[in-house]
Amino acid sequence: MLAGIGSVLTLPIAVYLTRFSDRYDLLHAGFVIPLGAGLGLVALALARGARRRSAVSLAADRDGRRISSAGRVLGVVGLCMAASAVVALGVYGLLEYVGSRE
């Protein structure tokens with residue numbers, strides 16, 4: 001679940017921190033996209049492993065299943081945020097290219 005939380009919070013924190021820096025622009029926040037995507041994939045892998053361990057366990061661990069489900073959802077949300085950031089950077093690059101040709 002912690003990897004999922006990290007995945008979801010990586011991009012907004014990077015964007016927020018660019019507001020207080022004179023050396024970094026908003027475009028530089030794009031360098032943390034792979035970190036957010038990686039944390040999302042880690043969260044999905046950890047949630048899958050936790051779900052498997054819960055399935056073969058004799059104890060009925062409902063809290064563990066809930067936490068692994070929350071980690072899975074957060075991992076998916078983090079991956080979606082990273083994908084949307086990649087699309088936003090792609091559109092920005094395309095618009096810069098088209099604008100520079102005129």
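We use all heavy atoms of the structure for the numbers below, so side chains are in, but hydrogens, waters and symmetry mates are not.
Using a 4.5 Å cut-off between side-chain heavy atoms of Ile, Leu, Val, Met, Phe, Trp and Tyr, with links allowed through other members, Met1 and Leu9 fall into the same hydrophobic cluster. Cluster annotation: Leu39 is not connected to Ile13 through the hydrophobic network of ILVMFWY side chains, with a link wherever side-chain heavy atoms come within less than 4.5 Å. Tracing side-chain contacts under 4.5 Å through hydrophobic residues (I, L, V, M, F, W, Y), one never reaches Leu26 starting from Ile33; they form parts of separate clusters. Put simply, Val86 and Leu94 are part of two different groups of oily side chains (I, L, V, M, F, W, Y) that touch within less than 4.5 Å, one to the next. Under the 4.5 Å side-chain heavy-atom criterion for Ile, Leu, Val, Met, Phe, Trp and Tyr, Tyr24 and Tyr16 are members of distinct hydrophobic clusters.
Distance check, rounded to the nearest 0.5 Å: CG of Leu74 to CD1 of Ile67 gives 11.5 Å.
Residues His28 and Arg23 share a closest heavy-atom pair of CE1-O, 4.2 Å. Nearest heavy atoms, Val32 versus Ala29: CG2-O, 3.0 Å. Nearest heavy atoms, Leu11 versus Ala85: CD1-CB, 4.0 Å. Taking every heavy atom of both residues into account, Val8 and Met81 meet most closely at O-CE, 3.4 Å. Nearest heavy atom pair, residue Ser7 against residue Gly78, reads OG-CA, 3.0 Å. A pairwise comparison of heavy atoms in Ala47 and Ser68 identifies CB-O, 3.3 Å as the closest pair.
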Practice task
Kindly indicate, with the supporting measurements, whether the criterion side-chain contact (heavy atoms from CB on, under 4.5 Å) is fulfilled by Asp25 and Thr18.
Solution key: CA-CA 6 Å; Asp25 294 329; Thr18 60; over 6 Å; no
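At most 12 non-hydrogen atoms from other residues, nucleotides or ligands lie less than 6.0 angstrom from CZ of Phe31. Within a 6.0 Å sphere centred on CG of Leu89, heavy atoms belonging to other residues, nucleotides or ligands number more than 12.
Under the 3.5 Å distance criterion, the side-chain polar atoms of Ser69 are matched with a main-chain donor or acceptor of Arg65.
Side-chain contacts under 4.5 Å among hydrophobic residues (ILVMFWY), followed directly or transitively, place Leu79 together with Leu41, Leu44, Val76.
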